[in-house]
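Below, each value reflects all heavy atoms present in this structure, side chains not excepted, and no hydrogens, waters or symmetry copies.
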Protein chains: 2
Amino acid sequence: MARKTKAEAALTRDRIVTCARQVFSREGVTNTSLETVAKEAGVTRGAVYWHFRDKADLFIAVRQQTGTLLRFADFRTGDALERLESGLQAALDRLRTDQQALETYEVMLWKCEYVGAFASVRQDLMSASSLFLTEVTELYDEAVRMKQAPANLDPALAARETLCFYAGLLKLWLADETGVTVRAEVRQLIARHVAGRRLQKAV
Amino acid sequence: MARKTKAEAALTRDRIVTCARQVFSREGVTNTSLETVAKEAGVTRGAVYWHFRDKADLFIAVRQQTGTLLRFADFRTGDALERLESGLQAALDRLRTDQQALETYEVMLWKCEYVGAFASVRQDLMSASSLFLTEVTELYDEAVRMKQAPANLDPALAARETLCFYAGLLKLWLADETGVTVRAEVRQLIARHVAGRRLQKAV
DNA sequence: AGATTTACATACAGACATGTATGTAAATCT
DNA sequence: AGATTTACATACATGTCTGTATGTAAATCT
């Protein structure tokens, strides 16, 4: 077949990743055949195998294309607890407004089996959790130093609780199609969670 | 083949379910072939198809064999918040001491894709979440009435936060093989979470 | 005791997925 | 401008899984 331009090839690769995400979210990662992905992207399996070693490699590309939901570094205004809340709210907002992020996280949290080649991906997720812990611990630490949180608050422990809350929230939010379980009240949920850390309990 | 006694057949069925759980947790649900399960159980696929319609049906049996992790009804001593904490602690304790429960939840939370026939299973999980919400809401309601929790605590919202915390905790606990993320401090985590609801903040 | 199920094992038929090997024409390199 | 890659498409070889149909001897029913 006629060779494509570098730019064209990059587009092809991108189309494959995009289609893979969609097919993954429809049919689940394991049930997805690379043939299906290829067809959806208007290429053959040859193209897929040229750009990616195997399905696990493609899956990693899907994750990278979407990137991470949560970037506390993006929030520099307000006190530590305000920045924490902003970060969490922004993450959940993105799920609502960004179809791509929605699909990717649907796949990661509900449509993927972390076994075999995918076991290492789970390690990645846990690494991301560690990063989250580090950042949130620092935020709580700052909150304590600034007297916004009670002095007896253990930043590391509180951060772990927040991590659990966040992980569960993401997972339940995605599954809560009716909206009654958590979707309808995400904002208040997050606000409440963070408010619970403040020195003057307001909620 | 020689027909088995009803009792023998029940044992066979049970062996199949047990082996299915183990294979599922090793290889993931989708990657598991019924042939593998059958071999492990010392039977052929004929037996598996005799007892179960298909893999999804078998998966449901695996869930039923283990049952639910959390039964607040089991705890009748102490105030509402103490009962809440006891329930949560007991659930996580079970994961530590009950290999079967461990495997089942590993499968449900990390080794299963909720797609196609399994989509309805996810509905079931959300129904269980609703039940959890009902029970915990009632506990918080009682805590408020008994002045153990602040009057401005919204039981329904607090219950949702606890649900998220619990869901995330389960998921992270299972993946935290090194223990550094949450496993080492589950007890304090749960204690802290519940203590955060008490009128006199202690943590 | 005979008729009927039951609890499987065996056999069959077909679909589907994977990885690799090979071909090729145009981009890109020199 | 020629040599070399590149970006795929095509073809091949193979393994695997599913669902069902059929067989059968012993339990269970009547």
Would you mind reporting whether B:L163 and A:T181 have side-chain heavy atoms less than 4.5 Å apart? yes

Could you tell me the separation between the CG atom of A:D54 and the P atom of C:dA17, rounded to a whole number of Å? 16 Å

Angle between ring planes, B:Y166 versus B:F132, binned at 30° and 60°: parallel, tilted or perpendicular? parallel

Between P on C:dA7 and CZ on B:F52, what's the gap in Å once rounded to a whole number? 13 Å

Side-chain contact, heavy-atom cut-off 4.5 Å: A:L189 with B:L157? yes

Determine whether A:R26 and A:E40 satisfy the following criterion, salt bridge (Lys or Arg N to Asp or Glu O under 4.0 Å), listing intermediate values before the conclusion. CA-CA 12 Å; A:R26 278 205 322 265; A:E40 201 104 344; 3.1 Å; yes

In the structure I gave you, are the side-chain heavy atoms of B:W110 and A:V115 within less than 4.5 Å of one another anywhere? no

Would you say the side chain of A:V107 lies within less than 4.5 Å of the side chain of A:T104, judging by non-hydrogen atoms? no

Expressed as a whole number of angstroms, how long is the span from B:L58:CG to D:dG19:P? 12 Å

Angle between terminal axes - the helix from C:dA1-D:dT30 to C:dT30-D:dA1, 5 pairs each end, rounded to 10°: 30°

Side chain to side chain donor-acceptor pair (under 3.5 Å) between A:T30 and B:E113, worked out: CA-CA 8 Å; A:T30 314; B:E113 299 177 3; 2.4 Å; yes

Atom CD of A:E138 with >12 non-hydrogen neighbours under 6.0 angstrom: no

Rounded distance [0.5 Å steps], OG in B:S86 versus CG in B:D93: 10.5 Å

Between B:H51 and C:dA7, is there a side-chain N or O to OP1/OP2 distance below 4.0 Å? no

Side chains of B:T36 and B:K39 in contact at under 4.5 Å (non-hydrogen atoms): no

Any non-hydrogen side-chain atom of B:W173 less than 4.5 Å from a side-chain atom of B:R96? yes

Roughly, in whole Å, what's the span from CH2 in A:W50 to P in D:dT6? 7 Å

What does nucleotides 22-30 of chain C look like as a protein-contact string, B for base, S for sugar-phosphate only, - for none, at under 4.0 angstrom between heavy atoms? -BBBBBS--

Do any N or O atoms of the protein come closer than 3.5 Å to N or O atoms of nucleotides 10-18 of chain D, and which pairs are they?
{"unit_1": "D:dT18", "atom_1": "OP2", "unit_2": "B:L34", "atom_2": "N", "d": "3.4"}

